[in-house]
Amino acid sequence: MNTTAFNKLSIWSKENTLFLLTFLLAVVAVYIFPHLGIPQLLIKVIFLLLLLAIFRSKNDVFWLAWFFVVINAPGRLFTVGYRTTVYRLPLYSLGPGISTGFEELFLIVYLIKFLLKKDKNINIFKRYWTFILIYGFITLIYSFGIGLSSGNIVTAIRMIIPWFWVLILPEFISDSDKLAKAFKLLAPFVFINFFIQIYTQITGQYLNDILSGEIWYGFLGSPEERLVRITEGFGFTLFCMIMSLFYLCSEDKRFNKTYLNLIIVTSFIVIFISATRGWIVATLILLFSIFFMRGFNFIKQFSITVLILILFVFLLRIVYPSFVLQVSLALQRFGTLKFLIAGDPTAGGTLARISERGPRVMSIFRESPVIGWGLSDRYISSWDMHVGNQTLLMQGGIIGYAIWIICYFLTLLNIYFLNRNSIIRSDIKNGGIVFLMAMIAIFVIHSSSSQILGFNGNVLFFRYLLAFTIAAANTIFISSLNNKNYNLIINK
């Protein structure tokens with residue numbers, strides 16, 4: 001990898017412009033075309049032609065990054081999945097009661113490209129996640145014996161296939177240059193997401209509702225009167241925070257340090273003012289990686305981060321006075337965790353996931369504690385995204401939970417040992433610790449806010465975030481080994 005050999009990359013290039021325009025064209029096709037009376041059939045054909053162009057394209061990093069933004073768009077664009085609205089990514093009917101979405105077709109396109117690729121790149125974590133996929137299809141098979149109706153078969157398969165991304169992404173984001181390109185394309189959207197988040201707080205409406213003219217999320221409240229919780233664009237925002245910390249901790253010279261610090265601070269603010277406690281804890285864990293920077297760099301980095309944060313808040317206070325109230329209310333909600341630490345499982349009556357949702361799921365788990373309910377009708381009807389570990393237990397029982405946790409722990413363990421390798425450390429310094437912290441942070445989100453691990457019906461960006469993080473770690477470590485024999489290094 002030899003980071004010192006690279007010139008600084010510009011913040012913005014022609015490809016960034018094309019990236020933004022491609023995203024805006026998707027917005028126009030989904031939200032503006034229906035208002036103009038353009039038939040849905042034509043819109044669906046446009047997206048099919050786009051998939052054909054993506055299949056033929058060699059610029060895979062561009063499209064994989066674009067997909068990250070689309071499935072986790074600012075303003076909750078493209079997030080409504082109901083058939084009753086036309087303001088969504090296209091849904092294609094395959095027969096009575098069976099359909100597939102653009103997101104699934106995009107996965108199929110890349111699965112085909114992955115299978116057609118002759119010379120596969122090294123994926124350090126491949127065996128663990130291949131085993132997860134095998135376990136998923138075994139689960140599907142035994143679910144028929146537990147009770148899986150024909151109407152839920154497609155739903156069950158949809159819960160498994162997103163995990164192919166953990167195998168696919170490392171194949172196409174295969175070196176440090178491609179990873180830097182993905183980061184460069186995604187990073188400006190952190191700031192776009194921030195400004196749209198502030199706009200959403202001021203208007204009390206998500207951009208999706210404003211552009212579509214339909215009320216899906218309703219009025220969120222007035223920022224002068226109450227906490228307005230905005231959760232949008234968290235996936236690519238957290239990933240950009242991970243990569244910014246990596247480039248700083250590894251002393252990589254590709255990107256301007258001030259730019260990286262702005263991304264870190266903006267990402268933290270975006271997540272903090274949402275008052276989503278699990279995500280806030282996750283960002284704090286990520287920021288802890290700063291403490292592993294070498295010598296004076298730690299003090300310097302910590303000081304710069306705090307200074308930029310203070311200036312950011314000061315400027316926002318001038319242009320958006322209600323921001324201070326929103327920060328205060330978010331801090332107040334985050335502070336309720338002290339009740340949880342003190343032994344109050346409801347966190348002062350604000351944590352129903354522990355006092356109500358968790359026990360409800362666990363009562364179903366106890367009915368089949370060894371192998372769980374698989375992907376059966378009972379699981380699908382009882383699945384709860386807000387209690388990740390409990391739902392994972394309900395789905396796989398003790399055996400299934402152990403499989404997931406062991407595979408995840410082995411991924412963590414590999415990152416830990418690779419980070420300690422002298423060849424890798426000489427190249428990326430303490431940068432590898434960022435991916436260790438990132439994996440811990442993602443598990444915190446899974447345990448506290450939204451289920452990520454397991455076969456579930458949660459929104460795709462959660463699993464895509466994990467897959468992108470694993471792909472980034474794989475790319476950095478393999479690139480750092482400089483084409484040396486990986487097996488000799490890992491077994492050293």
Side-chain angles (χ1 to χ4, degrees), residues 22-23 25-26 29-30 40-73 78-81 83 88-121 123 126 129-130 132-141 150-174 178 182 235-236 375 454-468 470-471:
T22 308
F23 174 77
L25 285 172
V30 170
Q40 275 297 297
L41 178 61
L42 181 57
I43 296 172
K44 290 180 179 181
V45 170
I46 290 171
F47 276 93
L48 284 177
L49 291 173
L50 176 61
L51 285 171
L52 179 61
I54 292 169
F55 179 76
R56 295 172 61 88
S57 174
K58 301 295 183 184
N59 196 359
D60 296 302
V61 174
F62 180 96
W63 291 112
L64 292 169
W66 174 83
F67 187 64
F68 203 170
V69 176
V70 166
I71 61 173
N72 187 213
F78 314 119
T79 55
V80 177
R83 292 173 176 270
R88 53 156 296 155
L89 292 173
L91 194 66
Y92 300 91
S93 178
L94 302 177
I98 303 175
S99 60
T100 186
F102 175 80
E103 303 94 319
E104 290 152 356
L105 292 177
F106 188 90
L107 169 60
I108 291 170
V109 164
Y110 268 95
L111 185 57
I112 294 171
K113 293 183 81 166
F114 171 77
L115 293 173
L116 291 176
K117 206 167 182 289
K118 292 181 179 179
D119 297 322
K120 296 289 193 296
N121 296 305
N123 184 346
K126 180 181 178 180
W129 298 94
T130 301
I132 286 293
L133 280 166
I134 292 170
Y135 165 63
F137 287 106
I138 291 173
T139 301
L140 178 65
I141 292 169
S150 58
N152 276 329
I153 293 174
V154 173
T155 301
I157 294 172
R158 281 179 175 148
M159 290 181 170
I160 299 171
I161 60 174
W163 291 108
F164 275 107
W165 282 118
V166 186
L167 303 182
I168 293 170
L169 286 175
E171 192 60 43
F172 294 96
I173 303 175
S174 53
K178 290 179 179 178
F236 63 79
L375 295 167
F455 308 113
N456 59 77
N458 206 350
V459 286
L460 176 60
F461 86 81
F462 287 103
R463 285 153 289 181
Y464 203 72
L465 165 64
L466 176 57
F468 232 103
I470 290 173

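Ring centers of Phe114 and Tyr110: at least 6.0 Å apart, outside the cut-off. Centroid-to-centroid, the aromatic rings of Phe455 and Tyr135 come within less than 6.0 Å.
Shortest non-hydrogen contact noted between Phe78 and Ala26 is CE2-O, 3.7 Å. Closest of all the heavy-atom pairs between Leu169 and Ala471 is CB-CB, 3.8 Å. Scanning both residues, Val166 and Asn123, for their nearest heavy atoms gives O-ND2, 3.7 Å. Taking all atoms of both residues into account, the shortest heavy-atom contact from Glu171 to Asp119 is OE2-O, 3.6 Å.
For Pro90, the side chain to side chain contact (heavy atoms under 4.5 Å, CB included) test picks out Lys44, Phe47, Tyr92, Phe102, with sequence neighbours left out. The side chain to side chain contact (heavy atoms under 4.5 Å, CB included) search around Asn72 returns Phe236, Phe461, not counting sequence neighbours. Trp129 is linked by a side chain to side chain donor-acceptor pair (under 3.5 Å) to Thr411, counting only residues two or more places apart in sequence or in another chain. For Val109, the side chain to side chain contact (heavy atoms under 4.5 Å, CB included) partners two or more places apart in sequence, or in a different chain, are Leu51, Ile54, Phe55, Lys113. The side chain to side chain donor-acceptor pair (under 3.5 Å) search around Lys178 returns Ser174, not counting sequence neighbours. With sequence neighbours excluded, the residues forming a salt bridge (charged side-chain N to carboxylate O under 4.0 Å, His left out) with Arg158 are Glu104, listed by chain and number.
Side-chain atoms of Ile160 and Leu375, non-hydrogen and from C-beta on, do get closer than 4.5 Å to each other. Residues Ile168 and Leu107 form a side-chain contact, since some pair of their non-hydrogen atoms from C-beta on lies under 4.5 Å apart. By the 4.5 Å heavy-atom criterion applied to side chains, Val70 and Phe23 are counted as neighbours. Residues Tyr464 and Leu64 form a side-chain contact, since some pair of their non-hydrogen atoms from C-beta on lies under 4.5 Å apart. When side chains are defined from C-beta on, Val30 counts as touching Leu89, because their heavy atoms get closer than 4.5 Å. Counting heavy atoms from C-beta outward, Thr100 and Leu105 have side chains that approach closer than 4.5 Å. Side-chain contact between Val459 and Ile71: absent, with no pair of heavy atoms (C-beta onward) separated by less than 4.5 Å.
Taken to the nearest 0.5 Å, the CG atom of Leu133 stands 11.0 Å off from the CD1 atom of Ile138. Put simply, CD1 on Ile161 and CZ on Phe137 are 8.0 Å apart, with the number rounded to the nearest 0.5 Å. Taken to the nearest 0.5 Å, the CG atom of Leu42 stands 9.5 Å off from the CD atom of Gln40. The NZ atom of Lys58 lies 10.0 Å from the CZ atom of Phe172; values are rounded to the nearest 0.5 Å.
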- Message: Assess the residue pair Trp66 and Asn59 against the criterion (side-chain contact (heavy atoms from CB on, under 4.5 Å)); give the C-alpha distance rounded to whole Å, side-chain angles, the decisive distance to 0.1 Å, and a yes or no.
- Response: CA-CA 11 Å; Trp66 174 83; Asn59 196 359; over 6 Å; no
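The closest donor-acceptor contact from the side chain of Trp163 to the backbone of Gly454 lies under 3.5 Å. For Arg463 (side chain) and Trp165 (main-chain N/O), no donor-acceptor pair under 3.5 Å exists by modelled atom type.
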